[in-house]
Amino acid sequence: MKIFSVFMTGSLLVYLLLLSLPAAEPVKDIPFYKPTSVQVIAHGSARALLPGNTLEAAVNALRLGTDILELDIHLTADSQLVVRHDEMIDTTTNGSGLIADMTLAEIQQYDVGFHEVDFPDLTYPAGIVVPTLESLFIRLPESRYLIELKPEGTAAADHLCQLLNRYKLTEQVVIGSFHSSVLQYFRQICPQVPTSLGQSEVALLVVLSRLGLGHLFNSPGVSVQLPVVYAGVKILTPAVIEAAHQLNMRVDAWTVNDVGLMQKLIDDRVDGIITDRPDVLRSILPRG
């Protein structure tokens with residue numbers, strides 16, 4: 001019992017010491033973020049309206065008032081960055097195969113449709129193909145992009161950095177990935193391009209926030225994208241939002257299509273909402 005008491009006393013003293021430590025340096029403001037209301041972020045370029053991660057969907061999303069296009073990228077066998085969520089083309093095309101093993105020409109011989117799991121009953125026009133990231137940059141050079149590096153390797157990161165520099169889009173993008181190691185690599189080779197947090201970095205921020213120690217998080221990214229609930233656990237809490245804001249980080253919620261939840265998140269002061277239905281989110285936001 002005495003040992004336990006000493007342990008608890010020591011733990012409390014350490015915790016109080018951590019609480020008293022000064023906050024980490026806040027992240028710097030960047031041109032990507034605008035001083036406006038909640039940002040409308042089109043998930044997969046609004047994949048509930050047109051087949052996701054396509055040029056056609058991106059053009060449509062912007063027409064409906066989207067602020068930021070969220071999309072995912074993979075690298076083909078002939079070193080082309082394509083906009084696509086899954087590593088295989090099976091779920092949203094009439095073809096089959098692993099993107100990393102296919103050339104761009106092989107991939108683009110197939111038509112793209114809606115996701116067979118999420119939107120099996122929606123129809124789509126024929127002739128939509130998996131686009132290159134470059135084709136979006138060419139067609140939509142003024143847009144802002146939240147780009148997720150899907151592969152766990154670093155080759156796609158190399159090509160992405162080169163492409164962003166070539167099209168002078170380094171201030172119009174934020175790069176994310178579930179793989180913190182990929183983001184760490186990207187930050188080294190492309191330090192002029194801002195990133196969000198990887199999965200392990202997010203986990204640390206969430207844990208520190210729950211302990212009341214979010215001020216100690218030394219953020220390597222300018223923003224964080226969080227689900228409201230993950231594996232049955234509430235992730236996007238007021239404490240996390242407050243901790244991120246104290247560090248000048250932006251907080252984006254994903255993927256939210258319910259109007260009631262959108263409004264609650266707006267009230268909770270999130271900075272952006274990632275949604276398949278940007279038209280719905282735009283309709284409840286103040287005009288101007």
Side-chain angles (χ1 to χ4, degrees), residues 42-48 50-58 69-139 145-164 166-167 173-186 189-190 193 195-196 198-200 202 225 227 230-231 254-255 274 276:
H43 182 231
S45 298
R47 65 193 189 123
L50 280 174
N53 279 305
T54 63
L55 177 57
E56 291 82 358
L69 296 169
E70 188 275 343
L71 46 86
D72 313 280
I73 58 173
H74 286 273
L75 192 67
T76 67
D78 53 344
S79 299
Q80 297 292 314
L81 288 173
V82 292
V83 184
R84 165 85 186 154
H85 184 277
D86 299 342
E87 63 182 357
M88 302 186 74
I89 66 170
D90 303 48
T91 47
T92 60
T93 79
N94 55 354
S96 180
L98 192 66
I99 290 175
D101 295 337
M102 304 173 72
T103 66
L104 177 62
E106 289 170 338
I107 293 169
Q108 289 189 332
Q109 68 180 307
Y110 300 109
D111 287 340
V112 174
F114 286 99
H115 196 288
E116 64 180 19
V117 175
D118 295 340
F119 308 106
D121 299 324
L122 296 181
T123 58
Y124 59 94
I128 297 178
V129 299
V130 174
T132 63
L133 181 60
E134 186 173 17
S135 70
L136 268 72
F137 289 169
I138 292 172
R139 177 72 180 275
Y145 299 91
L146 177 59
I147 301 174
E148 183 176 341
L149 277 162
K150 283 293 186 179
E152 194 165 356
T154 58
D158 289 325
H159 287 278
L160 177 58
C161 184
Q162 295 167 13
L163 199 63
L164 293 173
R166 185 187 315 158
Y167 285 93
V173 298
V174 167
I175 307 303
S177 176
F178 273 97
H179 311 295
S180 298
S181 60
V182 172
L183 285 179
Q184 291 163 6
Y185 175 79
F186 185 82
I189 65 166
C190 224
V193 177
T195 71
S196 60
Q199 192 170 39
S200 62
V202 167
Q225 289 76 49
Y230 184 76
W254 62 269
T255 300
I274 303 172
D276 298 327

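Below, all heavy atoms of this structure are taken into account, side chains as well, without hydrogens, waters or symmetry copies.
In terms of heavy atoms, Leu81 sits closest to Leu163 at CD1-CD2, 4.3 Å. Annotation for Ala77 and Thr103: closest pair CB-N, 4.3 Å, computed over non-hydrogen atoms. Nearest heavy-atom pair across Ala155 and Leu75 is CB-CD2, 3.7 Å. Counting all heavy atoms, side chain and backbone alike, Leu183 lies closest to Gly198 at CD1-N, 3.3 Å. Taking each heavy atom of Ile99 and His74 in turn, the nearest pair found is CG2-CB, 3.9 Å. Between Glu148 and Asp72, the closest heavy-atom pair is OE1-OD1, 3.3 Å.
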(message) Assess the residue pair Leu71 and Leu133 against the criterion (side chain to side chain contact (heavy atoms under 4.5 Å, CB included)); give the C-alpha distance rounded to whole Å, side-chain angles, the decisive distance to 0.1 Å, and a yes or no.
(response) CA-CA 9 Å; Leu71 46 86; Leu133 181 60; 3.9 Å; yes
(request) Go through the steps to decide whether Met102 and Tyr110 satisfy the test side chain to side chain contact (heavy atoms under 4.5 Å, CB included), and finish with yes or no. (result) CA-CA 12 Å; Met102 304 173 72; Tyr110 300 109; 4.1 Å; yes
(request) Could you please spell out the steps behind the side chain to side chain contact (heavy atoms under 4.5 Å, CB included) verdict for Phe114 and Asp121? (result) CA-CA 8 Å; Phe114 286 99; Asp121 299 324; over 6 Å; no
(request) Please test Tyr124 against Glu56 for side-chain hydrogen bond (donor to acceptor under 3.5 Å, both in side chains), starting from the C-alpha separation and ending with a verdict. (result) CA-CA 11 Å; Tyr124 59 94; Glu56 291 82 358; over 6 Å; no
(request) Could you walk me through whether Ile274 and Leu146 pass side chain to side chain contact (heavy atoms under 4.5 Å, CB included), step by step? (result) CA-CA 10 Å; Ile274 303 172; Leu146 177 59; 4.1 Å; yes
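Inter-residue side-chain proximity for Leu160 and Phe186 is flagged as met; some heavy-atom pair is nearer than 4.5 Å. The shortest distance between side-chain heavy atoms of Ser45 and Thr54 does not fall below 4.5 Å. Under the 4.5 Å side-chain criterion, counting only non-hydrogen atoms from C-beta, Ile138 is in contact with Tyr167. Considering only heavy atoms from C-beta on, Glu134 comes within 4.5 Å of Arg166 through its side chain. Considering only heavy atoms from C-beta on, Leu50 comes within 4.5 Å of Pro125 through its side chain.
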Using distance only, find each side-chain donor-acceptor pair of residues 82-90 under 3.5 Å and give its atom names and separation, not counting sequence neighbours.
unit_1, atom_1, unit_2, atom_2, d
Arg84, NE, Asp86, O, 3.4
Arg84, NE, Met88, O, 2.9
Arg84, NH1, Thr92, OG1, 2.0
Arg84, NH2, Met88, O, 2.4
Arg84, NH2, Thr91, OG1, 2.9
His85, NE2, Lys150, NZ, 3.4
Asp86, OD2, Thr91, OG1, 2.6
Asp90, OD1, Gly97, N, 3.1
Asp90, OD2, Ser96, OG, 2.7

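A distance-only check finds a donor-acceptor pair linking the side chain of His115 to the backbone of Val117 [under 3.5 Å]. Proximity of a side-chain donor or acceptor of Glu70 to a complementary backbone N or O of Gly44 within less than 3.5 Å is detected. Judged by distance alone, with hydrogens and angles left aside, the side-chain atoms of Gln108 form a donor-acceptor pair with the main-chain N or O of Val130 at under 3.5 Å. Judged by distance alone, with hydrogens and angles left aside, the side-chain atoms of Trp254 form a donor-acceptor pair with the main-chain N or O of Gln225 at under 3.5 Å.
Atom CD of Gln109 is surrounded by more than 12 heavy atoms from other residues, nucleotides or ligands within 6.0 Å.
Between atom CD1 of residue Ile175 and atom SG of residue Cys190 there is a gap of 8.0 Å, rounded to the nearest 0.5 Å. For the atom pair OG of Ser181 and CD of Gln199, the computed distance is 11.0 Å after rounding to the nearest 0.5 Å. A distance of 12.5 Å separates OG in Ser177 from CD1 in Ile147, rounded to the nearest 0.5 Å.
Counting only residues at least two apart or on different chains, the salt bridge (Lys or Arg N to Asp or Glu O under 4.0 Å) pairs with a member in residues 94-120 are Arg47-Asp118.
With sequence neighbours excluded, no residue forms a side-chain hydrogen bond (donor to acceptor under 3.5 Å, both in side chains) with Thr154.
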